[in-house]
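Data block below; observations after.
Residues take their numbers from the sequence shown, with the count starting at 1.
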Amino acid sequence: MGYDLVIFDNDGVLVDSEPLANTILAGYLTELGFPTSYEDSLRDYMGSSVHRVHDLVHERTGRRLPAEFNQTLLDRTLAGFERELQPVAGIADVLRLLQERGMPYCVASSSSHRRIRAGHRAAGLAQWFEEGRLFSAEDVGKGKPAPDLFLHAARTLGVEPARCVVIEDSPLGVQAAVAAGMDVYGFTAMTPAARLGAADRLFGEMKELPGLLELGV
């Protein structure tokens with residue numbers, strides 16, 4: 001096998017949360033007087049932490065989001081997860097195969113630990129990620145597109161960056177993986193391939209990933 005660690009992004013790669021989360025975010029920003037479409041939210045915030053929302057809103061408008069923004073957004077998002085979150089099609093089979101082959105894997109996400117855990121429970125993926133396999137932007141000083149999160153995950157699990165491959169679906173995540181010195185495979189189910197052009201490989205369905213990782217089926 002070509003790698004010693006597979007690092008998964010979470011939203012849009014493990015759980016099919018991007019449509020739901022970005023609909024909620026766009027609606028909340030609009031409600032607060034910062035008109036934002038679903039397409040705007042995907043373009044500007046997909047793959048990033050909530051800090052980026054604060055930074056871009058302030059940069060563009062000179063105004064600050066309210067103090068309760070983070071908690072309200074999280075509450076609305078988690079409620080949406082409980083109602084309708086699903087796993088990305090085919091991801092459970094990929095995780096099962098990785099476990100059977102003894103290939104180490106983890107998740108490194110811009111989301112908070114609480115949101116990651118809630119999403120995994122709602123989507124039925126909690127069994128695949130014990131505590132030592134879950135990393136959040138909360139764990140580091142800078143989230144994606146900085147490489148810090150991916151480097152933290154690799155360092156914690158004792159793997160050199162060059163021996164890691166990252167599975168990402170956002171331009172910010174691909175940028176972070178490249179900066180970390182890791183290979184990155186771009187998942188194009190939601191993101192146009194052209195926006196993930198810096199990735200080493202591109203794929204559109206999870207059933208393709210075992211072949212790319214040379215796991216054998």
Side-chain angles (χ1 to χ4, degrees), residues 7-61 63-88 91 106-146 148-150 152-153 156 167-173 176 187 190-191:
I7 303 177
F8 290 97
D9 175 44
N10 188 61
D11 296 289
V13 172
L14 298 177
V15 294
D16 191 19
S17 54
E18 293 291 8
L20 177 59
N22 281 280
T23 297
I24 292 169
L25 174 57
Y28 187 26
L29 287 172
T30 300
E31 177 185 318
L32 291 172
F34 305 99
T36 306
S37 69
Y38 171 71
E39 291 75 18
D40 293 336
S41 185
L42 285 178
R43 182 194 65 228
D44 293 338
Y45 305 122
M46 182 176 170
S48 67
S49 69
V50 71
H51 298 294
R52 179 176 170 87
V53 183
H54 286 269
D55 291 345
L56 282 185
V57 166
H58 183 252
E59 177 185 315
R60 291 170 175 175
T61 70
R63 297 163 58 197
R64 298 285 186 184
L65 292 168
E68 67 273 13
F69 179 84
N70 289 13
Q71 188 60 54
T72 301
L73 179 64
L74 179 61
D75 290 345
R76 292 184 182 188
T77 302
L78 296 188
F81 284 1
E82 289 297 326
R83 289 193 305 269
E84 55 189 289
L85 188 63
Q86 296 293 320
V88 167
I91 192 60
C106 67
V107 57
S109 171
S110 294
S111 295
S112 66
H113 281 278
R114 182 182 173 195
R115 177 174 152 166
I116 297 167
R117 284 295 185 199
H120 287 185
R121 287 194 300 270
L125 297 179
Q127 62 177 312
W128 302 107
F129 291 95
E130 63 267 21
E131 196 59 40
R133 291 184 177 179
L134 195 154
F135 302 94
S136 161
E138 292 180 321
D139 303 330
V140 295
K142 295 181 180 179
K144 304 170 189 177
D148 303 38
L149 176 56
F150 291 141
H152 170 63
T156 301
I167 314 303
E168 264 288 355
D169 72 329
S170 76
L172 292 175
F187 183 45
M190 271 197 62
T191 308

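Although no hydrogens or angles enter the test, the distance criterion places a donor-acceptor pair under 3.5 Å between the side chain of Asp139 and the main chain of Ser136. A distance-only check finds a donor-acceptor pair linking the side chain of Thr30 to the backbone of Thr36 [under 3.5 Å].
Of the charged side-chain nitrogens involved, none lies within less than 4.0 Å of a carboxylate oxygen, so that Arg114 and Glu138 do not count as a salt-bridged pair. Between Lys144 and Glu168, at least one side-chain nitrogen of the basic residue sits less than 4.0 Å from a carboxylate oxygen of the acidic one, meeting the salt-bridge criterion. By the 4.0 Å N-to-carboxylate-O rule, Arg60 lies close enough to Asp44 to be salt-bridged with it. A salt bridge does not link Glu59 to Arg52: none of the charged nitrogens lies less than 4.0 Å from a carboxylate oxygen.
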**OP:** Could you check Trp128 against Arg133 for side-chain contact (heavy atoms from CB on, under 4.5 Å), going step by step and ending with a plain yes or no?
**Re:** CA-CA 9 Å; Trp128 302 107; Arg133 291 184 177 179; over 6 Å; no
**OP:** Go through His120 and Arg115 one step at a time and tell me if the side-chain contact (heavy atoms from CB on, under 4.5 Å) criterion holds.
**Re:** CA-CA 9 Å; His120 287 185; Arg115 177 174 152 166; over 6 Å; no
**OP:** Please report the C-alpha distance between Leu14 and Leu125 in whole Å, then the side-chain angles of each, then the deciding distance to 0.1 Å, and finally whether the side-chain contact (heavy atoms from CB on, under 4.5 Å) criterion is met.
**Re:** CA-CA 8 Å; Leu14 298 177; Leu125 297 179; 4.1 Å; yes
Subject >> Verdict with reasoning, Ser109 to Asp9, per side-chain hydrogen bond (donor to acceptor under 3.5 Å, both in side chains) >> reply: CA-CA 5 Å; Ser109 171; Asp9 175 44; 4.7 Å; no
**OP:** Apply side-chain contact (heavy atoms from CB on, under 4.5 Å) to Cys106 and Phe8, showing your working.
**Re:** CA-CA 6 Å; Cys106 67; Phe8 290 97; over 6 Å; no
Original post:
Could you walk me through whether Ser17 and Asp11 pass the side-chain hydrogen bond (donor to acceptor under 3.5 Å, both in side chains) check?
Top reply: CA-CA 5 Å; Ser17 54; Asp11 296 289; 2.5 Å; yes
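Minimum heavy-atom separation, Ala118 to Leu78: CB-CD2, 3.6 Å. When all heavy atoms of Ser112 and Leu74 are compared, the pair lying nearest together is OG-CD1, 4.4 Å. Between Ser41 and Ala26 the shortest heavy-atom distance is CB-CB, 4.2 Å. The minimum heavy-atom distance between Val53 and Tyr45, with the atom names listed, is CA-CE2, 3.6 Å. Nearest heavy-atom pair across Ile116 and Ser111 is CD1-O, 3.6 Å.
When each of Thr77, Asp75, Asn70 is checked for a side chain to side chain contact (heavy atoms under 4.5 Å, CB included) with Leu73, only Thr77 meets the rule.
Atom CZ in Phe150 sits 6.5 Å away from atom CD1 in Ile7 (nearest 0.5 Å). In this structure, CD on Glu18 lies 8.0 Å from OH on Tyr38, to the nearest 0.5 angstrom. Atom CG of residue Asn22 and atom CE of residue Met190 lie 6.5 Å apart, to the nearest 0.5 angstrom. One finds the CZ atom of Phe81 at 14.0 Å from the CZ atom of Arg117 (value rounded to the nearest 0.5 Å). Atoms CG and CG, from Leu42 and Leu25 in turn, are 9.5 Å apart once rounded to the nearest 0.5 Å.
With a 4.5 Å cut-off on side-chain heavy atoms, Leu65 and Phe34 count as touching. Taking 4.5 Å as the limit, every side-chain heavy atom of Leu172 sits out of range of all side-chain heavy atoms of Met46. Val107 has its side chain out of reach of Phe135: every pair of non-hydrogen atoms, C-beta onward, lies at least 4.5 Å apart.
Residues passing the salt bridge (charged side-chain N to carboxylate O under 4.0 Å, His left out) test with Asp40 are Arg43, sequence neighbours excluded.
The environment of His51 atom NE2 is sparse: at most 12 non-hydrogen atoms of other residues, nucleotides or ligands sit within 6.0 angstrom.
Of the N and O atoms on the side chains of Thr191 and Asp169, not one donor lies less than 3.5 Å from an acceptor on the other residue.
Ring to ring, Tyr28 and Phe69 are close: their centroids are under 6.0 angstrom apart.
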